[in-house]
Amino acid sequence: QVQLVESGGGLVQTGGSLRLSCTASGRTLSNYAMGWFRQAPGKERELVAALPKSVHNTYYVDSVKGRFTISRDNPGNTVYLQMDSLKPEDTAVYYCAATPSYGFISPVLSSTDYQSWGQGTQVTVSS
């Protein structure tokens, strides 16, 4: 397993933007398929975006398509979730997750296929 650390959460007004970052202590994430999940109070954790080891086939849940972008920097040390046009319903704790075992070409969609998880970062969108 790899230790993941998220950052970049905070409080923003409706229509604003945030960029979440996910890094791994002491290693690159270039050999991992990555996912960003979120969990709002009283709701189940849901997959927001996923990025396979090959960056060409990303996945987004319908509610964030056109607003969120998942990406990996060139060395592969950091995975980002750029969130634009934020809405109050985007309020949640956001988690990054990683797996080395799956997702070379296709994004990994099941939470049970991810072996490593970060501690989460709170995103609050005020109306």
Side-chain angles (χ1 to χ4, degrees):
Q1 292 190 354
V2 61
Q3 286 191 319
L4 302 174
V5 178
E6 302 100 335
S7 61
L11 174 64
V12 65
Q13 291 185 335
T14 297
S17 297
L18 286 173
R19 188 175 77 163
L20 306 183
S21 299
C22 177
T23 58
S25 177
R27 67 175 67 183
T28 178
L29 293 173
S30 60
N31 295 323
Y32 292 80
M34 302 296 298
W36 282 99
F37 291 77
R38 67 185 178 187
Q39 187 166 21
K43 295 187 177 181
E44 293 188 354
R45 186 175 296 186
E46 69 168 346
L47 176 64
V48 175
L51 182 67
K53 296 176 186 179
S54 165
V55 300
H56 300 295
N57 297 318
T58 53
Y59 165 86
Y60 298 96
V61 68
D62 286 346
S63 59
V64 308
K65 283 182 180 177
R67 301 188 298 121
F68 289 13
T69 304
I70 186 172
S71 64
R72 193 193 309 264
D73 69 352
N74 192 26
N77 296 329
T78 305
V79 175
Y80 301 101
L81 185 67
Q82 177 68 42
M83 305 186 296
D84 298 319
S85 302
L86 282 161
K87 304 175 181 180
E89 50 264 43
D90 295 318
T91 295
V93 178
Y94 284 71
Y95 301 88
C96 69
T99 175
S101 306
Y102 308 100
F104 182 76
I105 296 177
S106 298
V108 179
L109 305 185
S110 173
S111 62
T112 57
D113 289 334
Y114 287 93
Q115 285 88 45
S116 300
W117 293 80
Q119 81 289 350
T121 184
Q122 176 70 46
V123 172
T124 304
V125 185
S126 63
S127 58

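At least one side-chain heavy atom of L11 sits less than 4.5 Å from a side-chain heavy atom of S126. Inter-residue side-chain proximity for L29 and L4 is flagged as met; some heavy-atom pair is nearer than 4.5 Å. The side-chain heavy atoms of V108 and Y59, taken from C-beta on, include no pair separated by under 4.5 Å. Put simply, the side chain of P88 reaches to within 4.5 Å of the side chain of T14, judged on heavy atoms. A heavy-atom distance below 4.5 Å is found between the side chains of V64 and R38. Put simply, the side chain of I105 reaches to within 4.5 Å of the side chain of N57, judged on heavy atoms. With contacts defined as side-chain heavy-atom distances shorter than 4.5 Å, the pair S111/R45 does not qualify. The shortest side-chain heavy-atom distance between L20 and M83 falls under the 4.5 Å cut-off.
Annotation: the span from Y32 atom OH to S116 atom OG amounts to 6.5 Å, rounded to 0.5 Å. Note: L81 CG to T121 OG1 = 11.0 Å, rounded to the nearest 0.5 Å. Rounding to the nearest 0.5 Å gives a distance of 9.5 Å between CD of Q13 and OG of S127. To the nearest 0.5 Å, atoms SG (C22) and CE (M34) are separated by 4.0 Å.
Below 30°, between 30° and 60°, or above 60°: for W117 and F37 the angle between ring planes is between 30° and 60°, a tilted geometry.
Counting non-hydrogen atoms of neighbouring residues, nucleotides and ligands closer than 6.0 angstrom, the CD atom of Q3 reaches no more than 12 such neighbours.
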Q) Q115 and S101: side chain to side chain contact (heavy atoms under 4.5 Å, CB included), yes or no, with the steps? A) CA-CA 9 Å; Q115 285 88 45; S101 306; 3.6 Å; yes
Q | Residues Q122, T91; criterion side chain to side chain contact (heavy atoms under 4.5 Å, CB included); working and verdict | A | CA-CA 8 Å; Q122 176 70 46; T91 295; 4.0 Å; yes
(Q) I'd like to know whether I70 forms a side chain to side chain contact (heavy atoms under 4.5 Å, CB included) with V79, so could you lay out the CA-CA distance, the side-chain angles of the two residues, the decisive distance to 0.1 Å, and finally the verdict. (A) CA-CA 7 Å; I70 186 172; V79 175; 4.1 Å; yes
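When all heavy atoms of Y114 and A50 are compared, the pair lying nearest together is OH-CB, 3.9 Å. When all heavy atoms of Y95 and E6 are compared, the closest pair comes out as CA-OE2, 3.2 Å. Of all the heavy atoms in A33 and K53, the pair that sits closest is N-CG, 3.7 Å. Nearest heavy-atom pair, V123 versus G9, reported as atom, atom and distance to 0.1 Å: CG2-CA, 4.2 Å. Of all heavy-atom pairs spanning S30 and P75, the tightest one is CB-O, 4.1 Å. Taking both residues in full, the closest heavy atoms of T58 and P107 are given as C-CG, 4.3 Å, listed atom of the first, atom of the second, then distance.
Judged purely by atom type and a 3.5 angstrom limit, T78 has no side-chain atom pairing as donor or acceptor with the backbone of S21.
When hydrophobic clusters are built by joining Ile, Leu, Val, Met, Phe, Trp and Tyr residues whose side-chain heavy atoms come closer than 4.5 Å, directly or via intermediates, L51 is not grouped with Y80. Linking ILVMFWY side-chain heavy atoms closer than 4.5 Å, directly or via other members, places Y60 and L109 in a single hydrophobic cluster.
In this structure, a donor-acceptor pair under 3.5 Å is absent between the side chains of T69 and S71.
Of the residues D90, D84, D62, the one that meets the salt bridge (charged side-chain N to carboxylate O under 4.0 Å, His left out) test with R67 is D90.
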